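A quick write-up on the structure given underneath.
In this text, all values refer to a predicted model and were calculated from it rather than measured experimentally.
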Amino acid sequence: MSSERSSVKELAAVKGTHDILPGEVEVWQAVEASVVGMFGRYGYRELRAPVIEHTELFEKSTGETTDVVQKEMYTFIDKGGRSITLRPEYTPSVARAIVEHRLDLLGTPMRYFYIGPMFRYDKPQKGRYRQFHQIDIEVFGEKDPAIDAEIIEMADSMLVSLGVTGTETLVNSVGCRACRPAFSQALREAAGGVKDGLCGDCRRKMETNPLRIFDCKVEACREQAKVFPQITGFLCPECRDHFAGVRRYLDLYGVAYRVEPNLVRGLDYYTKTAFEVVRLDAGQQNAVLGGGRYDDMMKDFGGPDVCGIGFACGLERLIALVSVKPSPRRFVYVVHSGEAARAKAVELARIFRRGGVETLVEFAGRGFKSQFGRAAKLGAAWVLVVGEDEVAKGEFLLKDMATGTQTSGKAEDLLSSLQRPG
RNA sequence: GUGGGUGUAGCUCAACCGGUUAGAGCAUCGGACUGUGGAUCCGAAGGUUGGGGGUUCGAGUCUCCUCACCCACCCCA
């Protein structure tokens, strides 16, 4: 059928999604393993929440006014008539799980991490995908500013251990419900006073998200924004003290950071500490990692009054910066000649694999020459030769492909020589 | 959602002013080659030129629509 032919041809990954192929996936595995190990040393435990949640969860916690909720969610009605959403972020799921399982009764603070896919219906571009992956960490039930600093330090260590350079860590306090409204109002008034000097985008941002005016690219707007009030002057005593504490501990940890009073995050629930790690050389999608404190979220969500703090790190963006090289695979390639040898080759492969050695058996080649050629091409570290002579003798030939050295011996002796490192 | 750019073989690219059967390198597969290496030589396969309409005697080339990707805005990781 012609329709079959064309449908096969048109089959492609969904817009904004990507395959992670062998060769690249090893880098992901190396990064994930490194990160998991590090989080473990800071006392974090993995919590795997479902990829789908009730739509309401995100409306309530992420915030109905955010772009993420308003226009970027993958939402659908399931066969039971429920409104379901593929998670655009992870924090609400953790909050939900804590409430649902009363994890807060197990003792605080609760430290969780997770690595997995998130979904946002954005228009894809560099560093921005519809299915992307995040490393997420969250701490609940610890309000001391030391934990804010510990988390930022952990993020910093994570980047260092992965060999990431050329980034900058930005921190700010976005205040709380007591002090932020006054600031927003003051900012709106300041912007309103020079409304005619602002671009159309900024005039809109005056209403929706006044802090965003600060990172407008239009020169006129930048000029006006220089004299706008900054959050720092509006923080209530509690927020001010907390922020001072965060900075003190960051200094104690020796973390390099810059206070950025204009740093604002896109989700509604942030309070007090907000931070971001950005790459210095990138144009737009420069945020590698971002997070902050969300002291009211759990309570607003209908759970216990437990504060939280955490960050999300974009894996695609992180991996673009890491310099880890996964160690090359070293495997045995078994070549053979004749029916009896073929059976023996299969048997030997099983023995080697049980002994912990990656082993492949040639099935297609004819002569040893072509079998060796294939082994070399695939990058085999060793070739195990199983010919008629070897089968008769019960001793096989193991060739080191790098050095060309060949050693003859019984299967178990050859195996144990491979099990030794090197 | 708005704006710009690009679409030719698996990959990188050719194809004059619109003119014969859309070519090459690399990669793939086969052979030379039945006891030892990514070589060499020979050969094969691989394309509705992203898709659809229009102009034309004739379209990879001009035009319109559409789709995909890339880039930027918005927003974010």
*Using Watson-Crick or G-U wobble geometry with both distances below 3.5 Å, tell me the partner of B:A24, or none.*
B:U12

*With rounding to the nearest 0.5 Å, note down the distance linking CZ in A:Arg45 to CZ in A:Phe113.*
9.5 Å

*Would you state whether a donor and an acceptor, one from the side chain of A:Gln406 and one from the base of B:U36, lie under 3.5 Å apart?*
yes

_Can you check the distance between B:G19 and B:U63, where both ends of the measurement are the P atom (answer in whole Å)?_
15 Å

*Quick one: A:Gln70 CD to B:C75 P, roughly how many Å, whole number?*
12 Å

*asked:* Using side-chain contact (heavy atoms from CB on, under 4.5 Å), reason through A:Ile98 and A:Val306 one step at a time and then give a plain yes or no.
replied: CA-CA 10 Å; A:Ile98 288 172; A:Val306 175; over 6 Å; no

_Under a 3.5 Å cut-off for both contacts, is B:G58 paired Watson-Crick or G-U wobble with anything, and if yes, with which nucleotide?_
none

*With a cut-off of under 6.0 Å to the ring centre and 45° to the axis, is A:Arg130 in cation-pi contact with A:Tyr121?*
yes

*Quick one: on RNA chain B, does A:Cys313 or A:Ala13 contact a more 5' nucleotide (nearest heavy atom)?*
A:Ala13

*Does A:Glu390 get its side chain close enough to the base of B:G35, under 3.5 Å, for a donor-acceptor pair?*
yes

*Using a heavy-atom cut-off of under 4.0 Å over every strand shown, decide if A:Glu89 touches base, sugar-phosphate, or nothing.*
nothing

*Verify the contact: side-chain N or O of A:Gln125 to OP1 or OP2 of B:A72, cut-off strictly under 4.0 Å; return yes or no.*
yes

*Verify the ring-centre separation between A:Phe183 and A:Phe234: is it less than 6.0 angstrom?*
yes

_A:Leu289 side, atom CG; A:Phe311 side, atom CZ - distance, nearest 0.5 Å_ = 5.0 Å

*For B:C69, does OP1 or OP2 lie under 4.0 Å from any side-chain N or O of A:Lys15?*
yes

*asked:* When the P atoms of B:C67 and B:G52 are compared, how many Å lie between them, rounded to an integer?
replied: 15 Å

*Taking the nucleotide of RNA chain B with the closest heavy atom to each, which residue, A:Lys126 or A:Met401, is nearer the 5' end?*
A:Met401

*Remember a base hit wins even if backbone is also touched, and classify A:Gly387 as base, sugar-phosphate or nothing at under 4.0 Å, heavy atoms.*
base

*N/O (side chain, A:Lys369) to phosphate O (OP1/OP2, B:G35) under 4.0 Å*: no

*Heavy-atom donor-acceptor pair, A:Arg128 side-chain to B:C75 base, under 3.5 Å*: yes

*If the C1' atom of B:A72 is compared with that of B:A14, how far apart are they to the nearest Å?*
31 Å

_Interatomic distance at P, B:C26 relative to B:C62, whole Å_ = 31 Å

